[in-house]
Peer 1: 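Please find one structure pasted underneath; my questions will follow.
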2 protein chains.
Amino acid sequence: MHTLSEENYLKAIYRLSQEEGVKITPTAIADSLGNNPASVVDMIRKLTDKQLIAYDKKSGVSLTTQGRKDAVLIVRRHRLWEVFLLEKLGYHWDEIHDIAEELEHISDTTLADRLEKFLGFPEYDPHGDPIPQANGKMAKPYSVSLADMQTGTTCQVAAVRDTSSAFLQYLLKLNIGIGTKISLEEKISYDNSLVISINGNDNTTVSQKFGENILVE
Amino acid sequence: MHTLSEENYLKAIYRLSQEEGVKITPTAIADSLGNNPASVVDMIRKLTDKQLIAYDKKSGVSLTTQGRKDAVLIVRRHRLWEVFLLEKLGYHWDEIHDIAEELEHISDTTLADRLEKFLGFPEYDPHGDPIPQANGKMAKPYSVSLADMQTGTTCQVAAVRDTSSAFLQYLLKLNIGIGTKISLEEKISYDNSLVISINGNDNTTVSQKFGENILVE
DNA sequence: AAATAAAATTAGACAAACCTAATTTTATTT
DNA sequence: AAATAAAATTAGGTTTGTCTAATTTTATTT
Ligand SMILES: [Mn+2]
Ligand SMILES: [Mn+2]
Ligand SMILES: [Mn+2]
Ligand SMILES: [Mn+2]
C-alpha cells in the first residue's frame with residue numbers, strides 16, 4: 001500500500017492535525033520527524049500526487065479523506081500492538097512505543113481486527129490514548145491536565161501526553177500509572193510547580209511541565 | 001543491526017545451507033529471492049565486508065559464525081510469530097508465512113524470548129519446522145517424506161516441505177494437517193503416484209511431487 | 001582442444017528517501 | 001517602507017538496493 005516513510009509522514013501529519021489551531025507547515029513536519037525541511041517538501045509532493053494530503057500555502061498541509069483513513073489505521077495498529085506488548089508479553093509502558101513503531105507497519109488486512117478481538121476490544125492503549133475502531137471511530141481523548149486542576153482537588157491519572165522513556169520511567173519511579181489517584185495540594189506561584197500527594201502518600205513536588213504532561217479525569 | 005535486505009539475504013543463504021551438498025552460488029541465491037544475479041553479487045560484497053558470509057569461488061558462499069547466528073535468530077522469530085498468528089489470532093496455516101516474513105524483522109532484543117514464553121516454548125512451528133531456541137539449538141528437522149515410505153505402512157504427518165499457499169490450501173481441502181494419519185496403500189510404478197488413505201477414509205491418489213513435500217514420522 | 005553454453009561479474013542506470021547549501025519567498029522588525 | 005529574519009523551495013548529492021546490457025570467466029559439449 002504505502003512505504004514505511006509515507007506511513008510515518010501520514011502519521012506525523014495526523015498527529016499535528018489533532019493539535020488545535022496549529023498550521024501544518026513543512027518545518028513543523030520536519031521537527032516532528034527529525035528530518036530536514038527539504039526532505040519534507042519532497043514527500044509533500046509525493047503524498048499530494050497520491051491524493052493523501054492537500055497543501056495550500058495559506059492553510060498548510062491537510063489530510064484528504066483517504067489520507068486520514070490511512071493514518072487512523074496506522075494509529076489503530078500502533079495502539080493495539082502496545083496493548084499486546086504490555087498485557088501479553090509483560091513489557092513496561094516505557095518500552096513499548098518504539099517496538100509498536102515498527103509493528104504498526106505490518107500491513108495484513110485482517111491483522112488489526114484479529115489482534116483487537118484477541119485483546120478483548122480495548123478502548124485505550126497503555127498510555128491512555130484512545131484506540132481507533134475498525135470503522136475509524138474512537139473514544140474522546142483525555143484533555144484536562146494535572147496542571148489545569150484546582151488546588152485541593154483529587155483526580156485519577158487517565159493518560160500521559162509525553163510518551164518518552166525519560167518521562168515514563170520517572171513516573172514508574174514515582175509509582176504513578178494509569179488510574180493512580182493524585183491530590184493537588186498546592187501550586188507554587190513562583191514557577192507553577194505542583195505539590196501533589198500520590199495515592200495519599202507524603203507530598204512530592206513536580207514541575208509545571210510534568211503537570212501538563214499528565215492527563216486526568 | 002542489519003537492514004531488511006541484508007536479513008532476507010542471510011535467511012536465504014541459511015536456508016540454502018541446510019540443503020545438503022548444494023553449492024551456494026550467486027544464481028542460486030538470486031533464484032531463491034527472485035532477484036537478479038548482479039544484485040546478489042553486490043550484496044555478497046556487502047555481507048562479506050560485514051563479515052557475515054565468506055565467498056570462495058570454489059566452494060561458494062558460506063555463513064560465518066556471526067552470520068549463522070544472525071540468520072538463526074531471524075528464523076527463530078519467523079517461526080515463533082507463525083505460532084502466534086495461528087494459535088492466538090486464528091489464522092490458517094496457509095496465511096501466516098507472508099505476515100511472519102514481515103514480523104521476523106522486528107528487532108527488539110527481548111521480543112523473541114518473551115513471545116516464546118508467552119506461547120509456551122513451542123518446539124515446532126505450524127508447518128512442522130523446528131524453532132531455534134535462544135541458544136541457537138533446535139530439534140532435528142523431519143526428513144522422511146511420504147514418498148519414501150513402504151507400501152502398506154501408516155505414518156503421521158510431521159511437517160510440510162513446501163509452504164506455498166497453493167500446497168497448503170490443497171492440504172486443507174484434503175483434510176491433511178500436522179498429526180494426520182496417512183496409510184500408503186499403493187505406489188503406481190508408471191509415474192510414482194501414491195494411493196493413500198487419509199485418517200482411514202477412502203483412498204485418494206496424489207502425485208509424487210505431493211508425496212515428497214510431506215514429511216512424516 | 002575447440003566450440004558453445006552457462007554463470008559470474010562489471011558498467012552504468014534508476015527510484016526512494018534522505019542530506020547540505022544556495023536561493024527565493026514570506027513574515028517580522030525597526 | 002526598508003531592513004532583517006525566518007521559512008520554503010530548488011539544485012545538486014549520497015546511500016541503498018535494485019535493474020539491464022555488456023563482458024569476462026568457468027563449465028560442458030562436441
Ligand atoms: Mn513507524
Ligand atoms: Mn501509546
Ligand atoms: Mn523477510
Ligand atoms: Mn513455517
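Just so it is clear: chains get the letters A, B, ... in the order the sequence lines come, proteins before strands, and each one is counted from 1.
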Peer 1: I'd like to check the salt bridge (charged side-chain N to carboxylate O under 4.0 Å, His left out) partners of B:Lys11; sequence neighbours left out, ordered by chain and number.
Peer 2: B:Glu101, B:Glu104

Peer 1: Under the 6.0 Å and 45° cation-pi test, does A:Lys88 pair with A:Phe118?
Peer 2: yes

Peer 1: Among pairs that include at least one residue of residues 119-142 of chain B, which meet ring pair (Phe, Tyr, Trp, His ring centres under 6.0 Å), considering only residues two or more places apart or in two chains?
Peer 2: B:Tyr124-B:Tyr142

Peer 1: Sequence neighbours left out, what passes side-chain hydrogen bond (donor to acceptor under 3.5 Å, both in side chains) with B:Ser189? Give chain and number order.
Peer 2: none

Peer 1: Scan residues 53-80 of chain A for pairs that pass ring pair (Phe, Tyr, Trp, His ring centres under 6.0 Å), counting only residues two or more places apart or in two chains.
Peer 2: A:His78-A:His97

Peer 1: Need two values: the first and the last nucleotide of DNA chain D, 5' to 3', having an atom under 4.0 Å from any heavy-atom of chain A.
Peer 2: D:dA7 to D:dT10

Peer 1: Nearest heavy-atom pair of B:Gly211 and B:Leu194: which atoms, and what distance?
Peer 2: CA-CD1, 3.7 Å

Peer 1: Tell me whether B:Gln51 at atom CD has more than 12 heavy atoms from other residues, nucleotides or ligands lying less than 6.0 Å away.
Peer 2: no

Peer 1: Can you tell me how far the CG atom of B:Asn213 sits from the CG atom of B:Leu168, to the nearest 0.5 Å?
Peer 2: 10.0 Å

Peer 1: Could I get the full list of side-chain hydrogen bond (donor to acceptor under 3.5 Å, both in side chains) partners for A:His92, not counting sequence neighbours?
Peer 2: none

Peer 1: By a strict heavy-atom criterion of less than 4.0 Å, which residues belonging to residues 4-14 of chain B are in contact with DNA chain C?
Peer 2: none

Peer 1: Can you give me the closest heavy-atom contact between B:Thr64 and B:Ala54, atom names plus distance?
Peer 2: CG2-N, 4.3 Å

Peer 1: Tell me which residues in residues 21-28 of chain B put a heavy atom below 4.0 Å from DNA chain D, sorted by number, or none.
Peer 2: none

Peer 1: Provide the full list of side chain to side chain donor-acceptor pair (under 3.5 Å) pairs with a residue in residues 13-26 of chain A, sequence neighbours left out, each pair given once.
Peer 2: A:Arg15-A:Ser32, A:Thr25-A:Thr27

Peer 1: Return each pair, listed once, that meets side chain to side chain donor-acceptor pair (under 3.5 Å) where at least one residue sits in residues 105-118 of chain B; pairs must be two or more places apart or across chains.
Peer 2: A:Tyr91-B:Asp108, A:Tyr91-B:Thr110, B:Glu7-B:His105, B:Asn8-B:His105, B:Arg76-B:Asp113, B:Arg76-B:Glu116, B:Asp108-B:Thr110, B:Thr110-B:Arg114

Peer 1: Which atom names give the shortest non-hydrogen contact between B:Val83 and B:Asp125, and what distance separates them?
Peer 2: CG2-CA, 3.9 Å

Peer 1: Identify the stems formed by DNA chain C, where each pair is Watson-Crick or G-U wobble with both distances under 3.5 angstrom and a stem is at least 3 consecutive pairs.
Peer 2: C:1-30 with D:1-30

Peer 1: Can you pull out the residues from residues 36-48 of chain A that lie within a 4.0 Å heavy-atom distance of DNA chain C?
Peer 2: A:Asn36, A:Ala38, A:Ser39, A:Asp42, A:Lys46

Peer 1: Is it the case that the side chains of B:Ser39 and B:Asp42 hold a donor-acceptor pair, with the cut-off being a distance below 3.5 Å and no angle test?
Peer 2: no

Peer 1: Does the plane of the ring in A:Phe84 sit parallel, tilted or perpendicular to the ring in B:Phe84? Use 30° and 60° as the thresholds.
Peer 2: tilted

